[in-house]
Amino acid sequence: MAKEIHVRIKRQAGPDAKSYWEEFKMPYESGHNCVSVLMYLREHPVNAKGEKVEPVVWESNCMEEVCGACAMIVNGTPRQACAALIDELQQPIVLEPLTKFPIVRDLQVDRQAMFDALLAVKAWVPIDGTQDIHRHAPLISPKEQDIRYLFSRCMSCGCCLEVCPQYRKDARFIGPAALGQVRLHNSHPTGGFFKEDRLHVLMEPGGIADCGNAQNCVKICPKDIPLTSAIGELGRQTTIQWLRDLFVK
Amino acid sequence: MAKQPIAVIGGGLGGLWATLRIVEDGFPVNLFSLFPVKRSHSCCAQGGINAVLDIKGQDDSVWQHIVDTIKGGDYLADQPPIKSLCEGAPGLIRTFDRMGVTFSRTPEGIMDQRLFGGVKNRRTCFAGATTGQQLLYAVDEQVRAHEAKGMVTKYEFWDFLSLVLDDEGDCRGLTAMDLNSMEVRAFPAGAVVLATGGLALTYGRSTMSSNSTGAPASQVYQQGAKFANGEFIQFHPTGIPGHDKNRLMSEACRGEGGRIWVPKKAGDTRDPLEIPEKERFYFLEEWYPAYGNTVPRDVASREVCRVVRHMGLGIGGKDLVYLDLTHLPRDFLETRLGGILEMYRTFVGEDPCERPMAIFPATHYSMGGLWVDFEKDERTGAMASVSPKNHATSIPGLYACGECDFAYHGANRLGANSLLSASFSGRVAGDAAVAYVKNFAKGGQELSESDYESERKRQDGINRTIIASDGNENTFALHHETGDLMRELVFVERSNDGLDRSLDELAKLKERSRNISLDDKGSWANQSLAWARQVQDMIVLAEVIAKCARQRDECRGSHYKAEFELKIPEGKFEGDPEYDEYKAQWKTNNDKWLKHTIVTHSEDGPQIEYKPVDTSILAPEKPRDYR
Ligand code: SF4
Ligand code: SF4
Ligand code: FES
């Protein structure tokens, strides 16, 4: 087994700076993942040439693949760095920031667009305040709940956007993650009250018609969220909505 | 005049609930978080959330939930707030349900409930294996709805630095730092709600997220807010030690038949699968024949430490013991523990059905935190439903909720009560902050520009000092050392010698934390700078924890000192003279120690006093007996 851990990191000092590659080597120990390696390196910020450098900047929090913070490109694949075990990766391990979002610094990117998209599609269930109204939500079958649960685990990591050919900095496609959330909220008995509003957003430029059905998103999602079946369903829903709009006009 | 915003610091369950209540009352909120609030640590809680819905025909009652919570905390929590918590739980759950939380359902489509954490009734609501995440997302979505209406302004990737206090010591705003531009700004606020979560990173590695440093609580403590019951830290017996964190292996493993053991021979380096049955020491089964591997959390943690640290039997001489599932059929394990096993495979890269897991107790939850007040409703014996006193810290205008406060859990926390207390206390604190702003003359008025500016300058100065500092210490290494020290001397088992030593060492670490040199001296997204400040704050909290522990000469809940343990005389029961004598000792001890530790910051370190506990609902009458 390797005696050391060898990493190549794509670095960039700030949004407008030029990017460059830097290599690091550290003693091998079993049980490391990509984030724990970055933690070691910030404590020992010396590159492979033996030069002292500024510690690498990245984002992480839960370390359990549930918060979505640490998404980056690991050996060419976008994924959560905390769940990328060194023992299962080919060395040198190559770490790059996601490319579909503006760079903040090094491996940290600005994913605000993802949260803006959730706002645009009204990804919430309308309630008349948080006070107790002494009633539960309407009944939901266990079967439907199981499907909803699949979607409700989306941690806004951005991996699906990274691989989607239609999601680009120069285009306005809203992207698969938000579409999944529309599916989730449209299917809730009261969340569905906003169904029309949401579908109208999806019928505009940048909406569902921009999806080229490349299926990349569903293959990469670390939570196995059935994004393309959501897109299929929403395609049908928007067609019906389109017809409905014709009639009520 | 437009209403002055109320500031909420932290966007986990507590902070987001507080935010919702405040905006529903018509006040705008400035919401500060180190990261997008959706990524908060609440999302890590897996188990569930307690609320008595009594849908399983077990005659479960709110009273029983109150009793379980009080006893679980070894009577060390004020009881009126506990009563409110348990009474409020069903309504809270109904609201969560209306928000669209994907709670697991019964065949007829209502929310399901399950058993959890040693409680006899099925009282725990859950959403798959990620209840915390699902609850957090629901309030995140609701807050976004208010964001759309312009009522909530998020300051994400901002680090809270300090409070702005007026001449009378009232809280009038805060300063925070943009973690990208490193700009420090002052924000006026009618009131501030602190919802910044736990402090387990003071122990280095823990089960908590890598931002749960407790720094904001430490900061306001240093500005005069009282801290309480710092010595009470819950250690989870079955953590999986990692380089980055200690992941939590669910209690369910022990519940479903997992066995804990070590090789009988110290320093045995054989592969666990090659160690024959008779050369294994199943210490819990041997020492607790009735409970075996399912002894309560604190007992399990202590005995694991005993085997490793006193008997020297840790695997390979390390802080590790085996948690073994390999004797159980794979099918059974997959159906009962599927998600949990998957987590282990993902993060450890081994199959727990094939190989025993290596575990050790891990720092998990802080029962202690900022002291907060409550107003008692004499009519009901509970906390008044809305009062500016509820969840008020000792600094007027500063509120605290969630894990960073000290309420509800006393000396130990009941499983699945943390998501409940986080949400409930957020709701209460939000209401209280609004009541404060509405009722008080100063509420809603800004100080002069220069008062904000002077605090801003002070904070900016701290940054400059750190950047300019040319010492020989590395802030990341200092954090490691602090954690190692805490896990050695202020851990599951404590002794006064060890605690004295820890206080000496912490004093040195505190000095050293001012003598650092950053490897990043830049002014853009400088994570080292933010971390260096947090490490200084963590060491202050570590000192509080150690000092509280040093002063409390008894065993209660998670706090254990062997020299003060009152042992139940073996084989003796109620009526036996030995037992009666034990009971008398227990009572004397309670009279002496059933009180809150209250800590005030001073230049000479933490100053400790004590305050009685409100036990008006259920006074302790007899000791707990697990036999
Ligand atoms: S299926 Fe649509 S959303 Fe998914 S990757 Fe392809 S184009 Fe993007
Ligand atoms: S859908 Fe999957 S890949 Fe996309 S943001 Fe959500 S969790 Fe990440
Ligand atoms: S740190 Fe949360 S997903 Fe990796």
Side-chain angles (χ1 to χ4, degrees), chain A residues 13-14 29 31-33 35-36 39-40 42-43 45 52 54-55 57 59-69 82-83 85 87-88 104-105 108 111 115 118-119 122-127 129-137 139-142 145 148-149 152-153 155-156 185 188 190-191, chain B residues 17 20-21 24 35-36 38-41 43-44 90-92 94-95 97-100 102-111 127-128 130 133-134 137-138 141-142 144-145 147-148 180 209-211 242-245 247 343 346-349 427 474 476-477 480 519-520 522 524-525 527-528:
Chain A
E29 267 188 277
H32 268 297
N33 60 55
V35 175
S36 68
M39 285 174 169
Y40 177 92
R42 73 177 175 186
E43 195 172 329
K52 196 136 202 194
E54 289 178 348
V57 168
E59 236 188 288
S60 61
N61 198 29
C62 70
M63 313 299 299
E64 293 180 4
E65 203 175 34
V66 69
C67 80
C82 66
L85 303 189
D87 286 343
E88 292 169 5
V104 175
R105 184 175 171 185
Q108 184 174 349
R111 285 171 280 183
F115 300 109
L118 294 178
L119 200 134
K122 298 195 176 162
W124 56 80
V125 173
I127 60 167
T130 56
Q131 73 283 2
D132 182 20
I133 60 166
H134 309 281
R135 290 176 59 166
H136 280 269
L139 299 182
I140 297 173
S141 75
Q145 192 69 294
R148 297 190 67 246
Y149 182 63
S152 67
R153 291 167 312 128
M155 54 187 174
S156 300
H185 288 94
H188 187 271
T190 33
Chain B
W17 259 102
L20 289 174
R21 298 298 280 200
E24 284 176 0
F35 34 73
K38 190 176 177 180
R39 311 207 191 284
S40 300
H41 179 69
C43 72
C44 289
L92 205 70
R94 285 192 285 267
T95 304
D97 195 17
R98 285 161 52 220
M99 289 176 182
T102 55
F103 285 118
S104 299
R105 304 274 150 177
T106 68
E108 68 179 271
I110 60 164
M111 297 174 50
T130 59
Q133 182 193 39
Q134 300 304 308
Y137 288 4
E141 290 160 4
Q142 294 302 321
R144 197 164 285 110
E147 201 184 356
N180 290 341
S209 296
S210 50
N211 285 292
H243 296 286
D244 46 352
K245 85 176 291 187
R247 294 183 176 78
M343 189 279 286
T346 305
F347 288 96
V348 181
R427 186 175 100 182
N474 175 311
F476 299 104
H480 264 159
D519 292 312
D520 185 348
W524 177 256
Q527 294 181 333
S528 304

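The sequence lines fix the lettering, A, B, ..., with proteins before strands; numbering per chain opens at 1. Below, all heavy atoms of this structure are taken into account, side chains as well, without hydrogens, waters or symmetry copies.
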Heavy-atom distance under 4.5 Å between the side chains of [X] and [Y], does that happen here?
X	Y	result
Ile127(A)	Met99(B)	yes
Ser152(A)	Glu141(B)	no
Arg144(B)	Lys122(A)	no

Can you tell which part of [X] gets under 4.5 Å to a heavy atom of chain B, answering side chain, backbone, both or neither?
X	value
Ala123(A)	backbone
Asn61(A)	both
Gln108(A)	side chain
Glu88(A)	side chain
Ile140(A)	both
His185(A)	side chain
Met39(A)	side chain
His136(A)	both

Heavy-atom pair count under 4.5 Å with chain A, highest-scoring of [options]:
options	answer
Ala145(B), Cys43(B), Ala148(B)	Ala145(B)
Ile110(B), Asn474(B), Asp519(B), Thr95(B)	Asp519(B)
Gly109(B), Gly522(B), Gly242(B)	Gly109(B)
Gly349(B), Cys44(B), Ala138(B), Ser528(B)	Cys44(B)

Smallest separation among heavy atoms of [X] and [Y], with atom names:
X	Y	value
Thr346(B)	Ala83(A)	CG2-CB, 3.9 Å
Val104(A)	Ala525(B)	CG1-CB, 4.2 Å
Lys38(B)	Ser156(A)	NZ-OG, 2.8 Å
Val125(A)	Gly100(B)	CG2-CA, 4.1 Å
Gly129(A)	Arg98(B)	O-NH2, 2.9 Å
Cys62(A)	Lys245(B)	O-NZ, 2.8 Å

Report yes or no: do [X] and [Y] form a side-chain donor-acceptor pair below 3.5 Å?
X	Y	value
Glu24(B)	Thr130(A)	yes
Arg105(B)	Ser141(A)	no
Ser104(B)	Tyr149(A)	no

Pairwise distance [atom1]([X]) to [atom2]([Y]) - rounded to 0.5 angstrom:
X	Y	atom1	atom2	answer
Arg135(A)	Arg94(B)	CZ	CZ	11.5 Å
Gln527(B)	Glu54(A)	CD	CD	11.5 Å
Ser210(B)	Met63(A)	OG	CE	6.0 Å

Do you know which of [options] has the most heavy-atom pairs with chain B at a distance under 4.5 angstrom?
options	answer
Thr190(A), Val35(A), Val57(A)	Val57(A)
His188(A), Arg148(A), Gln145(A)	Gln145(A)
Pro126(A), Cys82(A), Gly14(A)	Cys82(A)

* Structure fact -> Bottom line for Phe35(B): the part with an atom under 4.5 Å from chain A's heavy atoms is side chain
* To do: Against chain A, label Met343(B) side chain, backbone, both or neither, depending on which of its atoms sit under 4.5 Å from a heavy atom there.
  =>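 Looking at Met343(B), nothing touches chain A.
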* Is any side-chain N of the basic residue among Asp520(B) and Arg105(A) closer than 4.0 Å to the acidic one's carboxylate O? -> yes
* Asked: Is it true that a side-chain atom of Arg39(B) and a backbone atom of Met155(A) form a donor plus acceptor pair closer than 3.5 Å?
  ->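 Yes, because the side chain of Arg39(B) sits within donor-acceptor range (under 3.5 Å) of the backbone of Met155(A).
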